[in-house]
Amino acid sequence: MNRNIRVRFAPSPTGALHIGGGHTALFNWLWARHNGGKFILRIEDTDLARSTKEYEQTIMSGMTWLGLDWDEGPDKGGDYGPYRQSERLDIYREYAEKLLSEGKAYRDGEAIIFRVEHGQDISFDDTVYGRIDVMSDGLKEKDSDKLKDIVIIKSDGMPTYNYAVVIDDHLMNITDVIRGEDHISNTPKQILIYRALGWDVPKFAHLPMILGRDKKKLSKRHGATSIYEYRDMGYMPDSVFNFLALLGWSAGDDKEIFTRNEAAELFELSRVTRRPAVFDFDKLNYINQEHLKRLDPMTRLNMIKPFWLEAGLPVDEVEKSRGENWLAEALTLMEGRGRTAKEMADFSDYFVSFEPVKKRWDASDVDKEKLREFFTMIFAQPVFKAPELEIAARDWVSAREGAKMKEYAMPLRFALTGMKVSPGIFEVAEHLGREECEKRLKFYGLL
RNA sequence: GGUCCCAUCGUCCAGAGGCCAAGGACACAGCCCUUUCAAGGCUGCGACGCGGGUUCGAAUCCCGCUGGGACCGCCA
């Protein structure tokens, strides 16, 4: 615990929150919460052409969806604001003038350029990667021996990333700069600026990249990259959080399914991995399934409902007639069948309506005559509950030479669900109730 | 091309010189349960990139090679 820890997530509002950004935000959040420190959201909107307020909003709601709450930010305020770079222009200007007057920077047209000197040791200790050795002579221009100076103020008056990030991290008292590994090569340039301003450098902790299946940095062409696409596919925030936390980190034990708070408690920056990690859908699916299983019935129902609605099922009607609990119990019966909320919704649609069942099965492949006898017996049972029904069915089957449970259970399953897979069919029957089952079987002429 | 980083099963992680003939999870295959599997149980397949050192002993330390990645914008 170190309550003085201050970390930040600093996205540029030029698109929705994507997986990589979410990963970075998540690790910052974990470190802040683990230490009881502060997590700050700073909007880096110095790219006038691409930044929009809409994206800023989208990023914030994406973080909220993931469960990453921040302590200071453009919407919340705080003692170190403003938290939007476009509102800090005077500050950047002030320090640029200082650098200018000390001869550490020079003007080039409207821009202000920071001078890079030869022979500077700009190595640093990274909390994750360890010692990283760099000399300023390495900062050459492409295909040339010329040292590359750093633009700090653009011709349009806006600060550049490498400059603004230094000013802000210092002024906002950031103790740990946690960001993607793609920033390692920017760090030495930033260190040069810290030094020129006479400031101490914060700790740096770079995170391994997230790669697509082709082992290339995750990008749009790998398919779903926006956090919201995962929500729409039926992944839960808890699962995406859990999955992302496992990319580049583990508590060291075998525990892989955990809550946000458990992760925050166990998290250690020093345990972060260095190797880039491949985004694996199979693992995400598994984690989502596990979280789906652990949900309490009502929360689970609320997760599934939108997907039933999406499929055009009369959820509200059923809720009115049979109650919310009844629907929640139907999902409890599913016992972990389905990896995403969408799958679970698809696999359980027959509880909500008979219509999809009709579309899937037409009873043309069964011997109705033979089945009618069986179903008549079933519906003659005084108690329409799973154990009783099953016993009756078994007794009936065993009394017949060569008869198999399967020959009767499967048609029942098809008539009730339209699927070849479902929870125990007598449980399904009990839950649907005598009346509804009767209706479905009669529709197929099986009763 | 330059700079930097990385290197354990197909994938995600464990491993911080002897406890490792390398462990867990996902995926995959098979078996079992059974009215079905997309649920549950069990088993199996499967990796320390290569070559040199250091050491009594190396997946763990060092060097080289190879392979992969990131960055080299008045984008962030």
Side-chain angles (χ1 to χ4, degrees), chain A residues 10-14 21 44-47 49-51 85 108-113 126 128-130 132-135 137-145 148 150-165 179-189 206 208-209 211 213 215-217 243 246-257 271 273-287 289-290 293 333-339 343-344 346-347 390 393-394 397 404-414 417 419-426:
Chain A
S12 70
T14 54
E44 308 214 329
D45 56 350
T46 54
D47 183 339
R50 295 194 301 146
S51 300
Q85 290 189 327
D108 181 23
E110 296 294 300
I112 299 176
I113 324 275
D126 190 283
V128 172
Y129 285 83
I132 292 179
D133 284 307
V134 192
M135 292 297 289
D137 299 284
L139 301 180
K140 301 250 177 66
E141 267 183 27
K142 209 169 182 175
D143 304 318
S144 150
D145 284 339
K148 192 141 206 202
I150 302 165
V151 176
I152 56 176
I153 301 287
K154 300 185 260 181
S155 301
D156 65 2
M158 299 301 271
T160 56
Y161 165 74
N162 278 126
Y163 172 64
V165 76
R179 75 233 301 195
E181 184 244 32
D182 47 344
H183 285 290
I184 284 186
S185 44
N186 281 320
T187 308
K189 299 178 197 169
H206 289 90
M209 296 275 89
L211 276 23
R213 275 224 159 281
K215 305 251 180 125
K216 294 266 192 281
K217 188 176 170 181
F243 172 71
L246 248 17
L247 250 32
W249 174 76
S250 82
D253 56 16
D254 292 337
K255 190 174 172 61
E256 291 201 303
I257 305 297
R271 284 195 60 84
T273 298
R274 284 167 284 278
R275 187 171 32 149
V278 174
F279 186 101
D280 180 18
F281 261 97
D282 287 326
K283 189 71 174 250
L284 208 212
N285 284 332
Y286 163 75
I287 289 174
Q289 185 167 34
E290 290 304 309
K293 282 185 201 168
L333 272 184
M334 293 300 290
E335 280 187 304
R337 268 164 269 247
R339 298 171 303 179
E343 271 189 3
M344 185 175 267
D346 289 345
F347 295 166
E390 184 172 345
R394 286 194 189 288
V397 167
K404 286 217 162 62
M405 185 71 152
K406 195 178 191 164
E407 297 166 46
Y408 302 94
M410 279 316 278
L412 178 58
R413 171 168 285 113
F414 279 120
T417 73
M419 305 212 183
K420 64 176 196 290
V421 175
S422 83
I425 198 56
F426 296 113

Let's test this: given Watson-Crick or G-U wobble pairing with both distances under 3.5 Å, identify the partner of B:A38.
none

With a 4.5 Å cut-off on side-chain heavy atoms, are A:Lys420 and A:Met410 touching?
yes

Are OP1 or OP2 of B:A76 and a side-chain N or O of A:Arg179 less than 4.0 angstrom apart?
no

Can you check the A:Glu390 CD to B:U36 P distance for me, whole Å?
11 Å

So what does A:Gly424 hit on the nucleic acid, given a heavy-atom distance under 4.0 Å: a base, only sugar-phosphate, or nothing?
base

C1' atom, B:C28 versus B:G67: distance in rounded Å?
26 Å

Minimum-distance nucleotide (side-chain atoms of A:Val134 versus B:A25, B:U35, B:U3)
B:U3

Answer with base, sugar-phosphate or nothing: what part of the nucleic acid does A:Ile425 contact at a heavy-atom distance below 4.0 Å?
base

Partner of B:C20 by Watson-Crick or G-U wobble geometry, both contacts under 3.5 Å, or none?
none

Any donor-acceptor N/O pair, A:Ser250 side chain to A:Leu246 backbone, under 3.5 Å
no

What is the pairing partner of B:A14, taking Watson-Crick or G-U wobble pairs with both distances under 3.5 Å in any strand?
none

Taking the side chain from A:Gln289 and the backbone from A:Gly336, do they hold a donor-acceptor pair closer than 3.5 Å?
yes

Atom CG of A:Asp156 to atom C1' of B:G73: distance rounded to whole Å?
13 Å

A:Lys154 side chain near B:A76 phosphate (N/O to OP1/OP2, under 4.0 Å):
yes

I want to check one thing: is the phosphate of B:A76, taken as OP1 and OP2, less than 4.0 Å away from some side-chain N or O of A:Thr46?
yes

Is any side-chain heavy atom of A:Val397 less than 4.5 Å from a side-chain heavy atom of A:Glu407?
no

Starting at atom CG of A:Asp280, determine the distance to atom C1' of B:C12, rounded to an integer number of angstrom.
7 Å

Length of the line joining A:Asp126:CG and B:C6:C1', which is rounded to integer Å
13 Å

When you measure from the side-chain N and O atoms of A:Thr14 to the phosphate of B:A76, is any distance below 4.0 Å, counting only OP1 and OP2?
no

Measure from the side-chain heavy atoms of A:Lys148 and tell me the nearest of B:G73, B:C74, B:A76.
B:G73

So A:His206 and A:Ile132, do their side chains get closer than 4.5 Å, heavy atoms only?
no

Please measure how far the C1' atom in B:C13 lies from the corresponding atom in B:G2, and state the result in whole Å.
34 Å

Ring centers of A:Phe243, A:Phe279 separated by less than 6.0 Å
yes

Specify the separation, in whole Å, of atom CD1 of A:Ile287 and atom C1' of B:C26.
8 Å

Rounded to whole angstrom, note down the C1' distance from B:C4 over to B:C9.
29 Å

Given the P atoms of B:G44 and B:U35, what is the spacing between them in whole Å?
28 Å

Look at all strands and tell whether A:Pro423 reaches a base, only sugar-phosphate, or nothing, counting heavy atoms closer than 4.0 Å.
base

Does any N or O in the side chain of A:Thr160 come within less than 3.5 Å of the main-chain N or O of A:Val151, such that one atom is a donor and the other an acceptor?
yes

Whole-angstrom distance between B:C19 and B:A59, as gauged at atom P
9 Å

Given side chains that start at C-beta, do those of A:Tyr161 and A:Thr46 come closer than 4.5 Å, heavy atoms only?
no

Side-chain atoms of A:Ala277 come closest, of B:A76, B:U36, B:C12, to B:C12

Between the side chain of A:Arg213 and the main-chain N/O of A:Val278, is any donor-acceptor distance below 3.5 Å?
no

What is the base-pairing partner of B:U54, counting Watson-Crick and G-U wobble geometry with both distances under 3.5 Å?
none

Whole-angstrom distance between B:A16 and B:U8, as gauged at atom C1':
14 Å

Verify the contact: side-chain N or O of A:Arg271 to OP1 or OP2 of B:A14, cut-off strictly under 4.0 Å; return yes or no.
yes

Whole-angstrom distance between B:G23 and B:A14, as gauged at atom C1'
6 Å

Between P on B:G15 and CG on A:Asp253, what's the gap in Å once rounded to a whole number?
10 Å

Is there a side-chain contact between A:Arg337 and A:Pro423, using heavy atoms and a 4.5 Å cut-off?
yes

Quick one: look up who B:G46 pairs with, Watson-Crick or G-U, both distances under 3.5 Å, and put none if it's unpaired.
none

Could you tell me whether A:Glu44 contacts a base, only the sugar-phosphate backbone, or nothing, with contacts defined as non-hydrogen atoms closer than 4.0 Å?
sugar-phosphate

Provide, to the nearest angstrom, the distance between the CG atom belonging to A:Asp108 and the P atom belonging to B:C74.
11 Å

Contact between A:Glu256 and A:Glu290 at the side-chain level, heavy atoms closer than 4.5 Å - yes or no?
no

All N/O contacts under 3.5 Å from nucleotides 38-41 of chain B to the protein, with atom names and distances to one decimal?
from  : atom 1 : to       : atom 2 : distance (Å)
B:A39 : OP1    : A:Gln289 : NE2    : 3.2
B:A39 : O2'    : A:Glu335 : O      : 3.2
B:G40 : OP1    : A:Lys293 : NZ     : 2.3

Side chain proximity check, A:Lys293 to A:Ile257, heavy atoms < 4.5 angstrom:
no

Does the side chain of A:Arg50 get closer than 4.0 angstrom to OP1 or OP2 of B:G73 through an N or O atom?
no

Protein-nucleic acid N or O pairs under 3.5 Å, nucleotides 64-70 of chain B:
from  : atom 1 : to       : atom 2 : distance (Å)
B:G69 : OP1    : A:Lys216 : NZ     : 2.1
B:A70 : OP1    : A:Lys217 : N      : 3.2

When the C1' atoms of B:U60 and B:C20 are compared, how many Å lie between them, rounded to an integer?
11 Å

With side chains defined as the heavy atoms from C-beta onward, is the minimum distance between A:Leu412 and A:Phe426 less than 4.5 Å?
yes

Within the structure shown, what part of the strands sits under 4.0 Å from A:Arg274 by heavy-atom distance: base, sugar-phosphate, or nothing?
sugar-phosphate

Between B:U11, B:U35, B:C72, which nucleotide gets closest to the side-chain atoms of A:Val278?
B:U11

When both distances are under 3.5 Å in a Watson-Crick or G-U wobble arrangement, the nucleotide paired with B:U3 is B:A70

Nearest-nucleotide comparison on RNA chain B, the residue closer to the 5′ end among A:Asp133 and A:Ala409
A:Asp133

Given B:C74, B:G24, B:U36, identify the nucleotide with an atom nearest to the side chain of A:Ala111.
B:C74

Does A:Thr273 have a side-chain nitrogen or oxygen under 4.0 Å from the phosphate oxygens OP1 or OP2 of B:A14?
yes

